[in-house]
Number of protein chains: 2
Amino acid sequence: MQAIDEAGLANTTILRIANRANVSAGIISHYFGGKEGLLEATMRQVLGDLGQEVARRRAAAGGSPRAQLRAIIDGNFDRNQVSRAVMKTWLAFWASSMHRGNLQRLQQVNDRRLYSNLCFQFRRCLPRDEARDAARGLAALIDGLWLRGALASETLDAERARRLAYDYLDGRLARTECLA
Amino acid sequence: MQAIDEAGLANTTILRIANRANVSAGIISHYFGGKEGLLEATMRQVLGDLGQEVARRRAAAGGSPRAQLRAIIDGNFDRNQVSRAVMKTWLAFWASSMHRGNLQRLQQVNDRRLYSNLCFQFRRCLPRDEARDAARGLAALIDGLWLRGALASETLDAERARRLAYDYLDGRLARTECLA
DNA sequence: ATATCTTTATTGAACGTTCAATCAATAAAA
DNA sequence: TTTTATTGATTGAACGTTCAATAAAGATAT
């Protein structure tokens, strides 16, 4: 991820990674099954970290839909996740996952998990179709904030991103009376 | 863009492009100054098309903030823009623009234009800070819907994407009384 | 504890492939 | 005849992978 941050995935060679990790070039192919394998392993790591962070915050949060949804938002804008290196890596994954079956599967599992988690919570206070739209919208908003954060030259303002997502959430929940 | 759609930017060689265009490989470097130059020219084309489409719709729309904002949304989800090839190309640009000064500038000009257009219209009915948040949120939502559309295996449902953006718009405008 | 043998881990140079760019040769246009 | 446009084989560089050689660790015997 540091190498991707420095030079971009296209310019990240096995040798560069090996130098940064203080190992020989050969050992990477040996343990990860080539560059492709290393990429997949890295993606699994990042997705796993994100999932854990979300789960942790959800467990610590209250049981109300709003609290759970806020926990999901918070987890997605966690400090660890929002470093430049991770954001760039994520974007590189997004781009390359469209042309590699293994990465695409990982990507879609993650996407669907976010969507269905959101949808489940919204369903607790909204009718079905409205809950789906709310989940789709919030998922897109989260990804969009990430994307714009990665592209902007400044660091992503995680605080502001969370607030914008909260606002969206409140707007959606305010339409119907929600029990907290 | 067809080549990127087929194989991804990483696997798109000059030769592949040349074959698809029925020209020799050499002529591409000659006219575009190498692969890099062709990439930039393509990006300019895509960004230009988007800008024109938005401008066209804004001119045809009414003058009210809501009508103008809807025109901007419509332009961003225009049929031409939402083909698989264009979406993939766009995502590839996003990823590679982080490591190439020329592409990054193009990218940021476009980002800022979208943001400031949105902000200007929101300012006509919202206080400054609220308008900024609304613009940031809507911009992120639009990009996020694009992104998820590109990543999903199905084609982007432009109709639904527009509706979600409209909903966000209405939610923001409903907070204060707006004159139409 | 020491020495010897066996297994596992790691290195890094060499290989073969791929690709962008070049440019002399050719074709088309003026 | 001159100028412009295009071709496509060639070149040189870059990269991922491989693998024989080396080092380290572990096991066994003395």
Side-chain angles (χ1 to χ4, degrees), chain A residues 1-47 84-86 88-107, chain B residues 1-47 84-86 88-107:
Chain A
M1 286 193 284
Q2 285 175 6
I4 290 176
D5 183 35
E6 287 167 12
L9 179 57
N11 298 323
T12 295
T13 69
I14 290 240
L15 196 64
R16 193 191 293 262
I17 299 169
N19 286 339
R20 178 155 286 282
N22 286 321
V23 295
S24 78
I27 206 70
I28 292 179
S29 290
H30 182 250
Y31 277 105
F32 291 95
K35 195 180 181 180
E36 166 92 6
L38 179 58
L39 202 62
E40 180 174 337
T42 309
M43 191 168 191
R44 281 186 194 280
Q45 174 79 42
V46 171
L47 292 176
R84 283 210 73 68
V86 175
K88 282 194 187 181
T89 302
W90 204 292
L91 190 40
F93 281 147
W94 271 333
S96 59
S97 75
M98 288 189 306
H99 303 280
R100 303 207 202 170
N102 54 341
L103 296 187
Q104 190 165 33
R105 271 187 297 278
L106 284 178
Q107 178 59 48
Chain B
M1 288 195 282
Q2 285 176 5
I4 290 175
D5 183 36
E6 287 167 11
L9 179 58
N11 298 324
T12 295
T13 68
I14 290 238
L15 195 63
R16 194 191 291 263
I17 299 169
N19 286 339
R20 180 155 285 283
N22 286 319
V23 296
S24 79
I27 206 69
I28 292 179
S29 291
H30 182 251
Y31 276 105
F32 291 94
K35 196 181 181 181
E36 166 93 6
L38 178 59
L39 202 62
E40 181 176 336
T42 310
M43 191 168 191
R44 281 186 194 280
Q45 174 79 41
V46 172
L47 292 176
R84 284 211 71 67
V86 175
K88 283 193 185 181
T89 302
W90 205 290
L91 190 40
F93 281 146
W94 273 332
S96 59
S97 75
M98 289 190 304
H99 303 281
R100 304 207 201 168
N102 54 340
L103 296 187
Q104 192 164 32
R105 271 187 297 280
L106 284 178
Q107 178 59 48

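First the proteins, then the strands, lettered A, B, ... as listed; each starts at 1.
- Among residues at least two apart or in separate chains, there is no salt bridge (Lys or Arg N to Asp or Glu O under 4.0 Å) pair with a member in residues 23-32 of chain B.
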## Note on the structure
Protein heavy-atom contacts under 4.0 Å, written 5' to 3' over nucleotides 2-21 of chain D as B (base), S (sugar-phosphate only) or - (none), form the string ---SBBB------SSSB---

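- The stretch residues 92-105 of chain B has no heavy atom under 4.0 angstrom from DNA chain D at all.
- Residue pairs meeting the side chain to side chain donor-acceptor pair (under 3.5 Å) criterion with at least one member in residues 6-15 of chain A, sequence neighbours excluded: A:E6-A:R20.
- Residue B:R16 comes nearest to B:A7 through the heavy atom pair CZ-CB, 3.8 Å, listed as atom of the first residue, atom of the second, then distance.
- By the salt bridge (Lys or Arg N to Asp or Glu O under 4.0 Å) test, A:R44 is found to be paired with A:E40, residues two or more places apart in sequence or in another chain being considered.
- Remark: A:E36 engages A:R100, A:N102 in a side chain to side chain donor-acceptor pair (under 3.5 Å) (not counting sequence neighbours).
- Using five terminal pairs a side, the axes of the helix from C:dA1-D:dT30 to C:dA30-D:dT1 at its two ends make an angle of 0°, given in steps of 10 degrees.
- With sequence neighbours excluded, no residue satisfies salt bridge (Lys or Arg N to Asp or Glu O under 4.0 Å) with B:K35.
- Residues passing the side-chain contact (heavy atoms from CB on, under 4.5 Å) test with B:A41 are B:F32, sequence neighbours excluded.
- Residues forming a side-chain contact (heavy atoms from CB on, under 4.5 Å) with A:I27 (at least two apart in sequence, or on another chain): A:V23, A:S24, A:H30, A:Y31.
- Qualifying side-chain contact (heavy atoms from CB on, under 4.5 Å) partners for B:A25, counting only residues two or more places apart in sequence or in other chains: B:I14, B:L15, B:A18.
- For B:R105, the salt bridge (Lys or Arg N to Asp or Glu O under 4.0 Å) test picks out no residue, with sequence neighbours left out.
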